[in-house]
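Excluded from the calculations below are hydrogen atoms, water molecules and symmetry mates; all remaining heavy atoms, backbone and side chain alike, are included.
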There are 2 protein chains.
Amino acid sequence: MHAIEGAGARTGPPGLRERKKRRTRDTLIRCALELFALQGYERTTVDAIAEAADVSPRTFFRYFAGKEEVAFALQDSVESSFCAALRERPAAESPLAALRGAVLTSWDKLGEDVGSIVPLELHMRTYRMIESTPALLAVHLRRLSEVEERLAHEIARREGLDLAADPRPRVLLAAFGGVMRVTGRIWGEQGGAGMTELRRIITAHLDQLGPALAENWRT
Amino acid sequence: MHAIEGAGARTGPPGLRERKKRRTRDTLIRCALELFALQGYERTTVDAIAEAADVSPRTFFRYFAGKEEVAFALQDSVESSFCAALRERPAAESPLAALRGAVLTSWDKLGEDVGSIVPLELHMRTYRMIESTPALLAVHLRRLSEVEERLAHEIARREGLDLAADPRPRVLLAAFGGVMRVTGRIWGEQGGAGMTELRRIITAHLDQLGPALAENWRT
DNA sequence: GAGATTATGGCAGCGTCTGACAATTGACAA
DNA sequence: TTGTCAATTGTCAGACGCTGCCATAATCTC
């Protein structure tokens, strides 16, 4: 099998081979993100990343499908933790309230998954880099739309609805995802703001979802 | 100047050179879209497009910044016609109603701009190709977010608001754009449906925007 | 028609990414 | 310990996207 594989259920000690692979992968991620932050995404070649991680360029492509993928390696953790947080929301909450709660709590536990591989500050720098690099922003938006689809399924499940018949879950996630995108963009634009500021922007924008759809804005 | 240039105000007869450039550009677009439809986007090389259009590969890149750009050449017309339609909506309409009206009317006048370069059926095939090709879908979403930003400015202007202070225009466009995306995806998935079906999906989903944000979905 | 502009073609080269093959390394059993 | 098998890795060659540079050919201006 290849370098990426799901950890089987009956794995006692990971074994030397597994540990080495994991270490190589983490090293590649760290070297890549550091180089990206240092000299930008486009001006960092795969050869440079491979050299910094002390592997051949060919090996890089055995761990990541492309240069883009390594930039999003940590976003994977963030997204799956968001999905997990939604599943754990109490069933009594309304769909929108559940989403709102999930995003706020998942931000809190973010440091645990990410911090073990890369300093948190570097991760946030990477996020701003994604937002400001056209090629990466495009991929980011596509990934977000995939997350939206997963979340729409979860909302439909919570409410006992059929996604094919009822458009509300997808419409809700379209609106919610849109707010998340705008939030991320505004947050990224204002330099090195921290988590607290991000929570403030998110809640403020979510609160405006209803008013924005109202007929008359002059009240 | 390069091949692409804004038509100056005082151009009487376009001149042979201008006509030739326009023809080359249209030919490149037509050849590219036909090849894309025939054998897919990724398996169509720039060399093949250039050969079909009877120009050198080097010339192709003088008309388009990349292979992606030619795939979106016609989307440009669609988007700008949408923006123009919004500007022409009566000021009395609510923001959401104006957006809804603009998208519906701009679909109607779509055939005029596009049809002169490429058969409308090919254009719709191209749209479905964009939706189903990951690399193109990513770029498509980024372009949509740029359109959203332009439309948010227009809405803010209509309502006499300051975009930096009032988040409602961006929130509205985030929700509206999200619905447009979901609509396009669903429409693309169900094969060769026509314009009528597309209008039906759009209006049905827009009507669900309010209900989707409601507290209780079981009514 | 002469000269200035501009589009085009050809070429060399960089960077991303892939397939094929050989060499190395870890896993496991005799 | 040693031999065997499988997995990981490095090397090489090459396709493809894209760009800079310069010479050529077409068009425009006078």
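Distance check, rounded to the nearest 0.5 Å: OG1 of A:Thr126 to CD of A:Glu131 gives 12.5 Å. Separation of atoms CE (A:Met124) and CH2 (A:Trp187) is listed at 4.0 Å; rounding is to 0.5 Å.
In terms of phosphate contacts, A:Lys20 brings a side-chain nitrogen or oxygen within less than 4.0 Å of OP1 or OP2 of C:dG26. Distances shorter than 4.0 Å separate none of the side-chain N or O atoms of B:Thr59 from OP1 or OP2 on C:dT8. OP1 or OP2 of C:dG15 has not a single side-chain nitrogen or oxygen of A:Lys67 nearer than 4.0 Å. Under 4.0 angstrom from either OP1 or OP2 of D:dT8 there lies no side-chain N or O belonging to A:Tyr63.
Rounded to whole angstrom, the span from the CZ atom of A:Arg22 across to the C1' atom of D:dT8 amounts to 18 Å. At whole-Å resolution of the value, CZ in A:Phe61 and C1' in C:dA20 are 17 Å apart. Spacing between atom CZ of A:Arg25 and atom P of D:dT9 amounts to 13 Å, rounded to whole angstrom units. One interatomic measurement links the two molecules: CZ of B:Phe60 to P of C:dG10, which rounds to 17 Å at whole-angstrom precision. When the C1' atom of C:dT8 is taken as reference, atom CZ of B:Arg62 falls 6 Å away, rounded to whole Å. Taking atom NZ on A:Lys21 and atom P on C:dT25, their separation rounds to 17 Å, with Å as the unit.
Between A:Glu148 and B:Arg181, some side-chain heavy-atom pair lies under the 4.5 Å cut-off. Between A:Phe36 and A:Ile49 there is a side-chain heavy-atom pair separated by less than 4.5 Å.
The distance between the ring centers of A:Phe82 and A:Trp107 does not fall below 6.0 angstrom.
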Just the table, please: protein N/O against nucleotides 27-29 of chain C N/O, every pair under 3.5 Å.
unit_1 : atom_1 : unit_2  : atom_2 : d
C:dA27 : OP1    : A:Leu16 : N      : 3.0
C:dA27 : OP1    : A:Arg17 : N      : 3.2

Any N/O pairs under 3.5 Å between the protein and nucleotides 2-5 of chain D? List them or say none.
none

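Both A:Pro57 and B:Glu68 lie near DNA chain D, and the one whose nearest nucleotide falls closer to the 5' end is A:Pro57. Nearest-nucleotide positions on DNA chain C place B:Arg58 closer to the 5' end than the other of B:Arg58 and A:Arg58.
The residues B:Arg87 and B:Glu154 are annotated as not salt-bridged, no charged nitrogen and carboxylate oxygen being separated by less than 4.0 angstrom. A salt bridge does not link A:Glu189 to A:Arg128: none of the charged side-chain nitrogens sits closer than 4.0 Å to a carboxylate oxygen. Using a 4.0 Å cut-off between charged side-chain N and carboxylate O, B:Asp26 and B:Lys21 make no salt bridge. Contact check on A:Glu149 versus A:Arg170 returns a salt bridge, with a Lys/Arg side-chain nitrogen under 4.0 Å from an Asp/Glu carboxylate oxygen. Ion pairing of A:Arg142 with A:Glu146 is present here, as a side-chain N (NZ or NE/NH1/NH2) and a carboxylate O approach within less than 4.0 Å.
For the segment residues 36-56 of chain A, the set of residues with a heavy atom within less than 4.0 Å of an atom of DNA chain C comprises A:Thr44, A:Thr45, A:Val46, in numerical order.
Between A:Ser56 and A:Thr59, the side chains place a donor N or O and an acceptor N or O closer than 3.5 Å (distance only, hydrogens not considered).
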